[in-house]
**Q** 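I have a structure I would like to understand better, so I am pasting it below and will then ask my questions one at a time.
Counting from 1, the numbers follow the sequence of the chain as shown.
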Amino acid sequence: MRVATGDSILGGVAIGPLRFYRRRRDVFSEAPSGLTPEEEWERFERARERSLEQLSALYEKALERVGESNAAIFEIHKVMLGDENYLDSVRGILETQGTTAERAVTATGDNLAAVFADMDDAYMRARATDVQDISRRVVNNLTGAGEEELPWEEPAILVAEDLAPSETVRIDRGKLLGFVTRHGSAHSHTAILARTMNIPALVGVDIDESWEGCLAVLDGHSGCLYVDPAPELLEAMTARQRGDRKRESLLSGLKRKPNVTLDGASVEVFANIGSVGDVGLALENDAGGVGLLRSEFLYMEGEEPPDENEQFAVYRRVAETMAGKKVVIRTLDLGADKQAACFDSGHEDNPALGLRGIRFCLEHREIFKQQLRAILRASVFGAVAVMFPMVASVRELRDAKELLEECREELARSGAALGDLEVGVMVETPAAALIADELAEEVDFFSLGTNDLTQYTLAIDRQNPRLAPFYDAQHPAVMELIRHTVEAGHRHGCWVGICGDLGADLTLAETFLRMGIDELSVPPAAVLPLRKRIRGMDLSRKKG
């Protein structure tokens, strides 16, 4: 048995033979064609128009398979094919070098891909594949080569140097068990398509030509490829695959279906995530959005806090990967049980009641403004919302909003593009719940953090195991604070969600819907069971 590792695109298991996909090399004459640069430009324009028609057809095909937001990849390709820099490069090479349109397009694709590949931002580096994909398409239309087809008939795990988005969406899903590539990125458009199409995949694998035809297990959960697996491993992975298929069966029954009860009441079901890697889990489980992005993970990974650009790159990646679905970013919530080496918080006798959440941010305003600017910049790339944690007063909220507005004005003066940004409060203190009417006049939404709300309402340290017998998340006082918050929010036009552990409690789902909760945000693994529970409810029946 041989084992190779890579970066996982999707946490699933594929078992089958390995088949290599070797992309046809572009073949065209290096010699001058005898045509003038203007005639070569006309050839290029005809091939470009044909390419645009093909991309429109691919968009329609992708629309059926992966939905509108993901099919937009091919709209992006059409925009790239009309980009002035791209066109100027092709024309400039034709006029200065007297070469063919094929050579000019190839050189343009290689040059622009190299520019993207050298960029610091992972998202922009991944665009190198896109620009080469569109250039290869134009060259194929210039030479009349046409598009390539898969060289096998039976289902297999595809192995390739790289895959382009157009190749991925054209592959017959019935023949593709999974894919493994040497190059590529977890942030590429190909990776986004693979996740949406539920294809287990690994990128960055040191592939070996001798694998051709070998039986293999692709384990997207661990990021491992097992070639000629041992019998006991094959048995274990087959069992794991059966478990995945049961979940997939539930997913297929719920995919893209609304979370509506039998009597017509609806609620959004989002996912809580604590890292970029969790975005794939949210998509796998068909979450309607991200209801809580715990941004503090960025600050707990190193000795220095992340700068604005580092944060922007992450928020942008999440927003784009979620492809138009709402992404609620909670601002930095350090303190209590969450400490970061990049900050010296000093000793606190009672850290759970200390400098944490919005208090920490207002004490470190420059750090806070860096994060706010990064979130504002990312708002252009998706349905981004910002949420302030641990708010206990209107003054704290207004101070945070003033800093947000300062950042907006600074970015506007610098010429940065800005999108719409919903502003919300995480209601996790009894104080916030009790003044919810006043807070609701200042924000677009509330999200109830029921873990801390329970802790502070019952005066119980939830980190102390000796107090577990006294901890009652369904205490009448907690439930009344939730009800009060929902009613206050709705009085002022705010939507209200729950992002704490209670949101995933299936026994409480009906109670929350009867209260009028608009959104439940839960761990990715809890999304499907919760959606199934909601679709089986009938709120028209009298409770009890």
Side-chain angles (χ1 to χ4, degrees), residues 1-25 57-58 61-62 64-66 133 136 140 145-184 188 190-249 251-252 255 284:
M1 181 172 72
R2 291 162 286 177
V3 183
T5 59
D7 295 325
S8 178
I9 298 301
L10 184 70
V13 174
I15 302 173
L18 295 172
R19 299 296 182 194
F20 277 68
Y21 172 66
R22 298 173 178 87
R23 186 181 292 135
R24 179 183 59 219
R25 294 185 63 185
L58 272 175
K61 184 172 186 176
E64 297 177 4
R65 301 183 69 175
V66 297
D133 191 16
R136 191 160 46 244
N140 284 342
E147 294 182 315
E148 296 175 84
E149 300 296 332
L150 285 178
W152 67 84
E153 294 298 324
E154 298 301 316
I157 299 172
L158 180 150
V159 184
E161 289 294 312
D162 198 0
L163 278 178
S166 61
E167 292 168 326
T168 305
V169 82
R170 283 192 300 107
I171 295 172
D172 181 350
R173 183 66 182 88
K175 296 179 183 178
L176 184 64
L177 301 175
F179 69 77
V180 177
T181 64
R182 186 190 302 275
H183 305 297
S188 68
T190 297
I192 294 170
L193 286 172
R195 283 191 286 266
T196 306
M197 295 166 69
N198 202 33
I199 304 171
L202 300 179
V203 298
V205 178
D206 186 13
I207 61 178
D208 188 323
E209 294 286 330
S210 68
W211 295 348
E212 175 69 57
C214 293
L215 179 67
V217 173
L218 189 167
D219 182 8
H221 300 287
S222 66
C224 291
L225 179 73
Y226 303 96
V227 183
D228 292 325
E232 59 273 17
L233 177 74
L234 183 60
E235 183 179 352
M237 285 294 152
T238 301
R240 187 167 197 175
Q241 188 181 56
R242 283 196 297 269
D244 286 346
R245 283 176 176 168
K246 285 182 180 179
R247 184 191 63 80
E248 289 168 10
S249 177
L251 174 61
S252 65
K255 190 81 170 179
E284 277 183 58

**Q** Looking at every non-hydrogen atom in both residues, tell me the closest pair between I207 and A160 and how far apart they are.
**A**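 Looking at all heavy atoms of both residues, the shortest contact is CD1-O, 3.8 Å.
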**Q** Restricting to non-hydrogen atoms, name the atom on R19 and the atom on A156 that form the minimum distance, rounded to 0.1 Å.
**A**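 Residues R19 and A156, closest heavy atoms: CG-CB, 3.4 Å.
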**Q** Where is the tightest heavy-atom contact between A4 and V205, given as atom of each residue plus distance?
**A**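 For A4 and V205, the tightest heavy-atom pair comes out as CB-CG1, 3.8 Å.
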**Q** Given I157, which partner from the list I15, L18, L176 fulfils the side chain to side chain contact (heavy atoms under 4.5 Å, CB included) test?
**A**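 It is L18, the one option of I15, L18, L176 that forms the side chain to side chain contact (heavy atoms under 4.5 Å, CB included) with I157.
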**Q** Could you tell me which residues satisfy side chain to side chain contact (heavy atoms under 4.5 Å, CB included) with S222, sequence neighbours excluded, listed by chain and number?
**A**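 D219, C224, Y226.
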**Q** Looking at D162 and R182, does any basic side-chain N land under 4.0 Å from a carboxylate oxygen?
**A**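 Result for this pair is no, no salt bridge flagged.
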**Q** Locate the shortest heavy-atom distance separating H183 from V203; write the atom from each residue and the value.
**A**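 It is O-CB, 3.9 Å.
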**Q** Could you grab the distance from atom CG of L218 to atom CD1 of I199, nearest 0.5 Å is fine?
**A**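 It is 11.5 Å, given to the nearest 0.5 Å.
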**Q** How would you list, by chain and number, every residue that makes a side chain to side chain contact (heavy atoms under 4.5 Å, CB included) with E209, sequence neighbours excluded?
**A**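 Listed in chain order: F20, R22.
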**Q** If you look only at distance, which donor and acceptor atoms sit under 3.5 Å apart when one is on a side chain in residues 227-237 and the other is two or more places apart or in another chain?
**A**
| unit_1 | atom_1 | unit_2 | atom_2 | d |
| --- | --- | --- | --- | --- |
| D228 | OD2 | R2 | NH2 | 3.0 |

**Q** Can you name the closest pair of heavy atoms from G223 and S8 and give their distance?
**A**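 Distance-wise, the nearest heavy atoms are CA-CB, 4.3 Å.
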